[in-house]
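Let me begin by presenting the structure, written as structure tokens, before commenting on it.
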Amino acid sequence: MFVFDLADAPPLTQAFYQRDPARVAQELLGKILLRKTRAGFAGGRIVETEAYRAEGDSASHAFRGPSRRNRAMFGPPGRAYVYAIHAKYCFNAVTEYRGQASAVLIRSMEPLVGLTQMQTRRKRERLLDLARGPARICQALEIDRRLDSWNLTRGKRLWIVNPHAPLTTSDRILQTPRIGVTSAKELLLRFCLADCPFVSGPRKWRT
DNA sequence: CTACCGATTGACT
DNA sequence: GTCAATCGGTAGA
């Protein structure tokens, strides 16, 4: 079955994450985010991401230097950075570009495996309501602060793998401003699959 | 300690 | 489209 093939696929390596976050954000589109708990496997296809830098990016948590909250962003690439905002959690993959702290926020996912689990955790039936939005992904996959700094390259608990079918030229990628930020609105660091129903945000930034 | 606020969401007009 | 709930992080007294 689909799930077991994906579970056997090798996790993306540290080298994948040790690059410019904008590039990583773009290349994470179409990849499969996997979560394993006692309830089993859950996960889906990443369809929307945002890059956050340190220098020149006032919207980034790393902009004002290291703190207790953002320390994962200053650690090695290939780890998770999980933070709380508005009483909810968001999940990032830590990247690194020329020694600078950076990360990619995973904003939306097309649910593929563990649908029942995710429906239960989200208290929602519709697939469109399960993982469209960064805090919804975390609720659906039971990601919280305990996974902050988690190593994503080991293929345990939380990791990312290549899909069976990679993106093709017919999968148009959109580059837009980031959603919800109150500064650095001019930077085009959000990436998503065009015309994908599982992407969040305004219509004009979806197609 | 208090006060303010946000990389959000869900309910509602 | 608008708006308020929610709570940890942060800055400042």
Side-chain angles (χ1 to χ4, degrees), chain A residues 17 20-26 28-29 33 44 46-75 77 79-97 100-111 118-150 152 158 160 174-192 197-207:
Chain A
Y17 298 102
D20 183 336
R23 189 180 179 100
V24 175
Q26 197 163 339
L28 277 174
L29 296 179
L33 176 62
I46 296 169
V47 296
E48 182 186 1
T49 58
E50 285 177 358
Y52 287 85
R53 304 175 180 284
E55 268 188 26
D57 184 359
S58 54
S60 173
H61 290 169
F63 187 64
R64 286 159 215 290
S67 67
R68 179 176 214 90
R69 175 210 218 184
N70 67 16
R71 74 196 140 79
M73 272 187 87
F74 290 85
R79 304 293 188 100
Y81 168 41
V82 180
Y83 67 89
I85 186 163
H86 291 285
K88 299 165 182 71
Y89 292 103
C90 293
F91 162 66
N92 298 247
V94 174
T95 57
E96 184 183 337
Y97 182 52
Q100 288 202 27
S102 55
V104 174
L105 172 69
I106 310 300
R107 280 199 63 91
S108 294
M109 177 182 88
E110 174 186 354
M118 296 195 277
Q119 286 165 328
T120 302
R121 294 184 186 123
R122 287 277 303 131
K123 300 178 167 56
R124 291 289 189 286
E125 294 284 321
R126 297 170 55 219
L127 295 191
L128 280 173
D129 294 332
L130 296 186
R132 193 180 51 169
R136 291 172 176 164
I137 291 181
C138 287
Q139 191 182 10
L141 297 183
E142 204 175 297
I143 295 171
D144 61 29
R145 70 171 67 263
R146 290 172 303 200
L147 286 169
D148 189 33
S149 292
W150 183 258
L152 300 172
L158 183 65
I160 302 174
L174 250 49
Q175 183 170 7
T176 77
R178 293 170 293 187
I179 291 174
V181 297
T182 55
S183 63
K185 293 183 170 77
E186 73 284 1
L187 299 180
L188 302 179
L189 291 174
R190 171 178 174 269
F191 302 88
C192 70
F198 297 99
V199 165
S200 74
R203 268 268 245 294
K204 67 175 189 178
W205 288 351
R206 287 210 22 212
T207 180

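Convention: sequence-line order gives letters A, B, ...; per-chain numbering from 1.
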Revision key, fill the gap. Paired runs of 3 or more consecutive Watson-Crick or G-U pairs involving DNA chain B, with both pairing distances under 3.5 Å, are B:1-6 with C:7-12, B:8-12 with C:1-5

Review point. With sugar-phosphate meaning primed atoms plus P, OP1 and OP2, does A:R178 contact a base, only sugar-phosphate, or nothing at under 4.0 Å between heavy atoms?
Key: nothing

Point to revise | Span of DNA chain C in contact with chain A (heavy atoms, under 4.0 Å) | key: C:dT6 to C:dT10

Exercise for review: Keeping the roles fixed (side chain from A:E50, backbone from A:L189), state whether a donor-acceptor pair exists under 3.5 Å.
Suggested key: no

Practice item. Name all residues meeting the salt bridge (Lys or Arg N to Asp or Glu O under 4.0 Å) criterion together with A:R206; count only those two or more places apart in sequence or in a different chain, and write none if there are none. Key: none

Exercise for review: Ignoring hydrogens and angles, tell me if any N or O in the side chain of A:R79 forms a donor-acceptor pair with the backbone of A:V94 under 3.5 Å.
Suggested key: no

Exercise for review: Determine whether A:S58 and A:F63 make a side-chain contact, defined as any pair of heavy atoms from C-beta on separated by less than 4.5 Å.
Suggested key: yes

Exercise for review: Mark yes when over 12 heavy atoms from residues, nucleotides or ligands other than A:E55 sit less than 6.0 Å from its CD; otherwise mark no.
Suggested key: no

Check your understanding: Distance-only, no hydrogens or angles: does the A:R178 side chain make a donor-acceptor pair with backbone N or O of A:A51 under 3.5 Å?
Key -> yes

Review point. Partners of A:R71 by side chain to side chain contact (heavy atoms under 4.5 Å, CB included), sequence neighbours excluded?
Key: A:D148, A:S149

Check your understanding: Under a 4.0 Å heavy-atom cut-off, which of residues 47-63 of chain A touch DNA chain B?
Key -> A:Y52, A:A59, A:H61

Check your understanding: Residues in salt bridge (Lys or Arg N to Asp or Glu O under 4.0 Å) with A:E110, at least two apart?
Key -> A:R45

Practice item. Give a yes or no on whether the backbone of A:A59 and the side-chain of A:D57 come within a donor-acceptor separation of less than 3.5 Å. Key: yes

Check your understanding: Which pairs count as salt bridge (charged side-chain N to carboxylate O under 4.0 Å, His left out) when at least one residue sits in residues 134-143 of chain A, sequence neighbours excluded?
Key -> A:R121-A:E142

**Study point:** Flag, side chain of A:R107 to backbone of A:V199, donor-acceptor distance under 3.5 Å
**Key:** no

Review point. Once you round to the nearest 0.5 Å, how far does CD1 of A:I106 lie from CG of A:L29?
Key: 8.5 Å

Exercise for review: Could you pull out all residues at least two apart from A:R146 that satisfy salt bridge (Lys or Arg N to Asp or Glu O under 4.0 Å)?
Suggested key: A:D144

**Study point:** Donor-acceptor contact present, side-chain A:T95 to main-chain A:Y17, <3.5 Å
**Key:** no

Point to revise | Flag, side chain of A:K185 to backbone of A:T182, donor-acceptor distance under 3.5 Å | key: yes

Review point. Counting only non-hydrogen atoms, which of residues 179-191 of chain A are less than 4.0 Å from DNA chain B?
Key: A:I179, A:G180, A:V181, A:T182

Review point. Between which nucleotides of DNA chain B, 5' to 3', does chain A make heavy-atom contacts below 4.0 Å?
Key: B:dG6 to B:dA11

Review point. For A:Y83, which residues count as a ring-ring contact (aromatic ring centres under 6.0 Å, His included) partner, sequence neighbours excluded?
Key: A:H61, A:Y81

Practice item. Report yes or no: does A:E48 contribute a side-chain atom to a donor-acceptor pair with the main-chain N or O of A:S200 at less than 3.5 Å? Key: yes

Exercise for review: List in numerical order all residues of residues 120-128 of chain A for which some heavy atom is under 4.0 Å away from an atom belonging to DNA chain B.
Suggested key: A:R122, A:R124

Practice item. Look at all strands and tell whether A:R136 reaches a base, only sugar-phosphate, or nothing, counting heavy atoms closer than 4.0 Å. Key: sugar-phosphate

